[in-house]
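The structure appears below as structure tokens.
Note on naming: letters A, B, ... go to the chains in the order of the sequence lines (proteins, then strands), and numbering restarts at 1 for each one.
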Number of protein chains: 4
Amino acid sequence: MAKSTAVQTARSWIERLWVRIAERGGPYAAQSGGAVSPFDRVRVLAEALVSERGEASGAIVARELQAALTQLSDEDRWRFFEYVATGFTPDQAKLRAAAEAYLAESGPLQAQRLAEVAEPPRQELLRRMNMSPSGTAALVEMRRVLLTKLREQPQLAPLDADLRHLLSSWFNRGFLELRRIDWQTPAAVLEKLIEYEAVHEIQGWDDLRRRLAPDRRCFGFFHPALPDEPLIFVEVALVEGLAGAVQPLLKRDGEGKAAEAAARARAAKANTAIFYSISNCQDGLRGVSFGNFLIKQVVAELKAELPHLTTFSTLSPVPLFRRWLEKRLAEPEPVLTEDERAALGGDPASSDGERLLAVLGGKDAWWDVPETAQALAAPVNRLAAQFLTHAEGPKGVRDPVARFHLGNGARLERINWLGNISSRGMRESFGIMVNYLYDLASIEANHEAFVRDGTVARGTEVEALLAPPRRTPPKRRAG
Amino acid sequence: MAKSTAVQTARSWIERLWVRIAERGGPYAAQSGGAVSPFDRVRVLAEALVSERGEASGAIVARELQAALTQLSDEDRWRFFEYVATGFTPDQAKLRAAAEAYLAESGPLQAQRLAEVAEPPRQELLRRMNMSPSGTAALVEMRRVLLTKLREQPQLAPLDADLRHLLSSWFNRGFLELRRIDWQTPAAVLEKLIEYEAVHEIQGWDDLRRRLAPDRRCFGFFHPALPDEPLIFVEVALVEGLAGAVQPLLKRDGEGKAAEAAARARAAKANTAIFYSISNCQDGLRGVSFGNFLIKQVVAELKAELPHLTTFSTLSPVPLFRRWLEKRLAEPEPVLTEDERAALGGDPASSDGERLLAVLGGKDAWWDVPETAQALAAPVNRLAAQFLTHAEGPKGVRDPVARFHLGNGARLERINWLGNISSRGMRESFGIMVNYLYDLASIEANHEAFVRDGTVARGTEVEALLAPPRRTPPKRRAG
Amino acid sequence: MAKSTAVQTARSWIERLWVRIAERGGPYAAQSGGAVSPFDRVRVLAEALVSERGEASGAIVARELQAALTQLSDEDRWRFFEYVATGFTPDQAKLRAAAEAYLAESGPLQAQRLAEVAEPPRQELLRRMNMSPSGTAALVEMRRVLLTKLREQPQLAPLDADLRHLLSSWFNRGFLELRRIDWQTPAAVLEKLIEYEAVHEIQGWDDLRRRLAPDRRCFGFFHPALPDEPLIFVEVALVEGLAGAVQPLLKRDGEGKAAEAAARARAAKANTAIFYSISNCQDGLRGVSFGNFLIKQVVAELKAELPHLTTFSTLSPVPLFRRWLEKRLAEPEPVLTEDERAALGGDPASSDGERLLAVLGGKDAWWDVPETAQALAAPVNRLAAQFLTHAEGPKGVRDPVARFHLGNGARLERINWLGNISSRGMRESFGIMVNYLYDLASIEANHEAFVRDGTVARGTEVEALLAPPRRTPPKRRAG
Amino acid sequence: MAKSTAVQTARSWIERLWVRIAERGGPYAAQSGGAVSPFDRVRVLAEALVSERGEASGAIVARELQAALTQLSDEDRWRFFEYVATGFTPDQAKLRAAAEAYLAESGPLQAQRLAEVAEPPRQELLRRMNMSPSGTAALVEMRRVLLTKLREQPQLAPLDADLRHLLSSWFNRGFLELRRIDWQTPAAVLEKLIEYEAVHEIQGWDDLRRRLAPDRRCFGFFHPALPDEPLIFVEVALVEGLAGAVQPLLKRDGEGKAAEAAARARAAKANTAIFYSISNCQDGLRGVSFGNFLIKQVVAELKAELPHLTTFSTLSPVPLFRRWLEKRLAEPEPVLTEDERAALGGDPASSDGERLLAVLGGKDAWWDVPETAQALAAPVNRLAAQFLTHAEGPKGVRDPVARFHLGNGARLERINWLGNISSRGMRESFGIMVNYLYDLASIEANHEAFVRDGTVARGTEVEALLAPPRRTPPKRRAG
């Protein structure tokens, strides 16, 4: 009862609202609404938006609704999400009738009819919300917030499903624009790079500048409705030969014209483009895939600009390697050759795994000790090769970065010992970094094989790591 | 049998195609395919596009498919439409199961599941076709062609439904850009105006130039994926007072600096903006509504640019008036006052309708005869007012232009006798033109009333036309 | 006396003017000035502009002056020109002193001092006039008008000299922007092409469109201060082999997508770029040279865009050929070989010149008569070769188009009989057109030789035309 | 002898150079020239550039010369400057003749002729150097370097005079573009602000961002030939009421959306625009004036964007005040009232000046001691008012910032005690900052009065400071 009165009040409030909107333009949600609660306000506006009225004055109602939503308390926002997720369902009678008709005869026209009535009005609501001036940004943000609690609140799933469906359709590759990002790019976009870089953090503007120097390239996808927001971007270094370590790529040069000229000279001599960082920027677009398009198109752009480039490869992290390795080393089977065991030292009573972990997991910076680093190189590289080529479970290879690039048709070209000695690199993968090579001539075949039976295309160095260990010659001692 | 071999050949052709694509880039459909028939080629490409492979190499396959489609014969094209319209249906088993589950329990999650599996793969096919470089344009064109035969070929309806659904979503107001069109606009866009103008034909570049003179405005909606293609555009004249006739607005001025300065001076004095032509440009977007947004936003733009404008009104045709009037006048009831009858003359034995039609439908240019034109003015205006305010059937007012503007919240402000004396104007409405006035302060209320019960908001002049006819005083003659 | 009162009135008017300008902004010249004559007004404003006050409020005074100038009568405008040309001279005392100092000791510092005081204040006046919003355009226009009477009014020469000096400096190559002009160019620029085309008239927008088709290129120089005004533009046809006739290049294709695709295909196969029209656009910039930069830069642009182009050549008129030929043929010396004489026919008593002229100057379209056209080809081509390679007087080659291209380092590659059969082509050169070939490898040497001693670089065909006539074998008749 | 051989070698080198340039394009100075010394190379190129050849191939020679100049040693560069400054003088015979002719008859035509031949070829050389791709930037840089030693090397003055003359002409107001600079501006421009800010140093990107927040504005003049280089820029704060202290304006806000919204709200309420920093950016353009145009045009821009702004004022330093004050206080005359003396304390035997200096020049941060700061306020403000309104010598007011704004027509509105407590503020002016108010209605009159007789327009507060000190009433103590 109380509720219906509240709604009644809201209704008459919105009636008056129209008059004022018509008279003055501009969003009114803030200063009006009097006795109407913020939540009732958004509810009435959302209903008005999907109604017939919304059709005629959609843009205005959408703008009002968006303004009203920004003013909700956190609690009310979640209430609104739930209200949208559980309401705005298809007309039950029509849907039941269509379902029955389809069950009676499952032809294409019955299927079409069923699809039509099954589409929830919620999608139309979201489409109309998009009509407000920065509606697309608001919907992306709405989904970002929604995703933070989706696990705890499964009843919100239908809202997420509809948002994802619409955003996938709107952020179709055909609508994206690939833009080069450099020092001529507006600061409003550049600061987003600093914010969004997810792989190798950008330490402020001087660091950013180095990453946009003449021997670097940066490209991102943009959508016309979010002109200042990269959706995803990739950072590329132009170098000679396959780069195996990331720290040299991140090192800052001096500034000024001399440094710039030196960078330009390096770019002129480069034969290899190293994709050393790819970052998705919009949490609200999770599950909408851009990365595979991006890499392939950037390869094409770079080829056109710099015809002397012959090799295109990533330098990628292996985020799940350490976790896997620790499990693997807990098993008793030997993993070392005799020579390796000797080089490594440690308690002879220990298993190979225990020995390795004793060093790798130690507190000291063992990677600064040349002998230790050297002794670990071969066995850890070999184990990494096993990890990255071995399918586990139905999804195949376990590491998500590997799965992404291999699924894209790249080749596992090289495993780099101590390729990233930052604390994150150590924490994730004991410093291992990997080159996934994009060779356009074999991309399609690699992709096919990977999808068909999980075959991982490999470079010769990786192949060698996977070869059965040389037979350790029997140790014969003199005398 | 033959078919499956053909498909087999196509499959192996496409295998080889990948290799060549990978090696050279660029679309290959033209020069390759050998023994594969063009239709098989597009079929295999379409299937590849919705397959898992399409996910990875979608952009390339989409480009190939688009290139292949342009090379189909007309016959094969229609075959392809039918193939897509009847195939690419949802998985029958899953859809039946979901339908049954929904019938068992009609909750929101069951509804969501049903919506998910009911969406035909055809939509995903179309979404992926959009990934090719000018994919959106190709899909709009595809629908344009499709619509030309949809009535004859009802089995194509599902394809049309899906295209319309996607295009509505993609051409959401939130993605459209309002652009002013003037003499600074690229010729590639301007020539489209000449091509698309649907109300008052543009007679070449000199006529176009007059319509873009300093006392005119032109605005259009554009979509980022069709940068040179207006979706809809409106032509506006800046005048003093409500313009009632279109010919003066279309008359060409002289050219040169003096004419330009004169036009600028007229714009500076104008208090009224007359929307004298609105044209939808893309047949392939039929049913996707832009007009209501366009007018309202253009009103806002004009107010900002020219604050001295106080009145915003259309000068619109009444395309169905003549058809209605001829029927109406075939009925025997009187429609004239005694004075009108006298002024009109004609056969006293005729009904009012017959008398009127005898003149209106005559071969002579009666509108050039002042007395005749004068005698017809009052009765025809009155009948037009009746036509435009009288609801017929469930859709309400019959004239589509009237329904559009009244539904938008405009007011039927004035009926203009001989507002358009072109042959088209005479053919459609005996020269009647109408002003629909956009008064932002009453737009919402007008819209509400019109939607609720078909009430047509009217200006005082129209009101007067609808008043019950003055009682004709008995004619007493002096004995 | 009357004059000084007038000036006094103007002065106090301008005082009041400042107040109003300060209060309201915007040019006031039109509505104010009361008793002040328009000429006094511009005079006072010009003086104010070069005064110390002009330094502080230059932009405002400049704007006022420009507005006032547009309102002068023609007579007053010429009075103003004379006033500026004869006034605004350097300070006589200072200049005399500097001249004497230089005569006493002609060192660099004395020279510098003399240059400083010799510069007329008129130049500063013109520089300050440039500060008004469209000041540069107004100065270019001023010079255009000035040039129309410069010959009759030699006292205006100093004004012209200063304008030319400044405009040369401002329109320095370093400030010009080369822009491609195509169907994406704003109509406001395109209509200038129609207006300014000086060689082969553009017959409206459809003709223009053909000249911007995919197998054509058009480039122009623009200056940032005149954004919509091409300074000079060149039209280029992409063809196979050296084009010898202009009518085929100007012929219109059909329109639509098929015609466009055909043009695109021609461009893809082309190996030769023919510069068939170069037009200077701004009479007010006469004497400021752009053409040589333009051609060379366009060659570079085309090479970059279309690497398969190997030949860059003009197809040029010979505007002075007919005039020269008629004089030449009035002389009694023979110019024909015996065979030519026979082929030509005509009165045996006439001189060669008379015979030729009888045909060439006839009223009939002799070029449509194959035998006649054929009979004339060899002798006229030969005479044209003589005309174009023969230096006369100190300026060398007489034809201005030839002088321009040869001075640029081009080679006289080929003479084309009936290369332009339009009435203008016949009137100027009996249809002769010439290819000047730009071969970057020899441009410098050609230029050097031409400048040094007038040597004209020639292609082999031209060389052959210049060879001494074959000995006509004695005519021996049988019996 | 040796020299002429060197030149001979250079000449033949340049001959070969042309060939190579023609064949390959691109600057060759670096890799060629063999035995030719770098200095000879630039000399020959410079001569070629002013020669007739330079006319035809100017752009290429200019590019070569510019490339060659960048490779000179410092020593050679100064040699080159001297070579250009003392060579490239007018033709002596012609100039002597023109000087004599002018002395014989000093008419306008003789004056024109004299001006023509007096212009040194050096100017033509510089104009042609401008034709190379970044020629303008190179000439601005050349002058910057030149100015660093001009005092020591007076023989370079003619080169400076010519550079300045050309740059003044090229950087004419009519060619400058006013651009708003904000967070949408490319980083390549923004970093220049950090580099060039001359008044209140910008401490990195976060500080910069604050200065471009929504309650700030920044505008700069740009020239089309230097697209990334501001010539001058001004920073503006939107505030309520006349701001008297700079530190609050420079204080950083928090970041993020809340801070941005707060800034936006402040802008919406602001009635005053404070120009708190104006920086010239290009040393090479010294003496070319932009500031007066800039302020007036920015006032116009701000009025158009934010009609609620009513007051436009600077907050300016007084760089020469301290120097003047210390001299002034060294004089024995009293400068304090009795009350001020009492408030200040100090050694009674000291002069007023000594007392003041003892405090002001002390090592302690006296401004942090409220009583001291308070005691100093009145006398120092009064002395500042005297300094700023008192003409000294022919140039009038001594402080350059005051002279600039007063000459522009601004009014000395208010003197702010402790307006800038940074170390620089203290060092220059004991913390005094000044508001110069730009009131468009009185700007012209102020300017006139200032130029005519040095009258300084003042606000009432300044007027009060200048009033004769109140008669200090005789101190009578109660018996």
Side-chain angles (χ1 to χ4, degrees), chain B residues 26-27 30-31 66-67 69-71 74 134 137-138 140-141 144-145 179-195 202-214 216 218 220 222 226-230 233 252 254-261 263-265 268, chain C residues 26-27 30-31 66-67 69-71 74 134 137-138 140-141 144-145 179-195 202-214 216 218 220 222 226-230 233 252 254-261 263-265 268:
Chain B
Q31 59 273 51
Q66 186 178 317
L69 281 169
T70 62
Q71 285 157 17
D74 273 8
S134 54
V140 172
E141 171 65 8
R144 187 192 66 73
V145 174
R179 284 198 227 150
R180 172 145 179 214
I181 297 170
D182 59 19
W183 207 233
Q184 285 294 335
T185 301
V189 172
L190 293 182
E191 68 174 356
K192 304 286 167 62
L193 300 197
I194 300 180
E195 184 183 345
I202 301 179
Q203 320 275 353
W205 288 85
D206 292 332
D207 188 6
L208 176 64
R209 192 175 182 177
R210 198 278 163 268
R211 304 205 188 186
L212 303 175
R216 296 289 184 265
C218 181
F222 291 79
L226 303 177
D228 280 353
E229 285 284 346
F233 66 92
R252 266 177 250 172
E255 270 176 51
K257 295 201 174 172
E260 209 169 300
R264 220 174 288 284
Chain C
Q31 58 272 54
Q66 186 178 318
L69 280 169
T70 62
Q71 285 158 16
D74 272 6
S134 54
V140 172
E141 170 65 9
R144 187 192 66 74
V145 175
R179 282 199 230 151
R180 171 143 179 214
I181 298 170
D182 59 19
W183 207 235
Q184 284 294 336
T185 301
V189 172
L190 292 182
E191 69 175 355
K192 304 285 167 61
L193 300 197
I194 299 179
E195 184 184 344
I202 301 178
Q203 319 275 354
W205 288 85
D206 291 332
D207 189 6
L208 175 63
R209 190 172 186 181
R210 197 280 163 265
R211 303 203 190 188
L212 303 175
R216 297 289 183 262
C218 181
F222 291 79
L226 304 176
D228 279 353
E229 285 285 346
F233 66 92
R252 265 177 251 172
E255 270 177 49
K257 295 201 173 170
E260 210 168 300
R264 217 174 291 282

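- For a residue to count as touching a neighbouring chain, one of its non-hydrogen atoms must lie under 4.5 Å from one of that chain's; by this rule B:D182 does not touch chain C.
- Between C:D228 and B:Q184 there is a side-chain heavy-atom pair separated by less than 4.5 Å.
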Inset, instruction - Take B:E191 and C:W183, measure what side chain to side chain contact (heavy atoms under 4.5 Å, CB included) needs, and give me the verdict at the end. - result: CA-CA 10 Å; B:E191 68 174 356; C:W183 207 235; 3.1 Å; yes
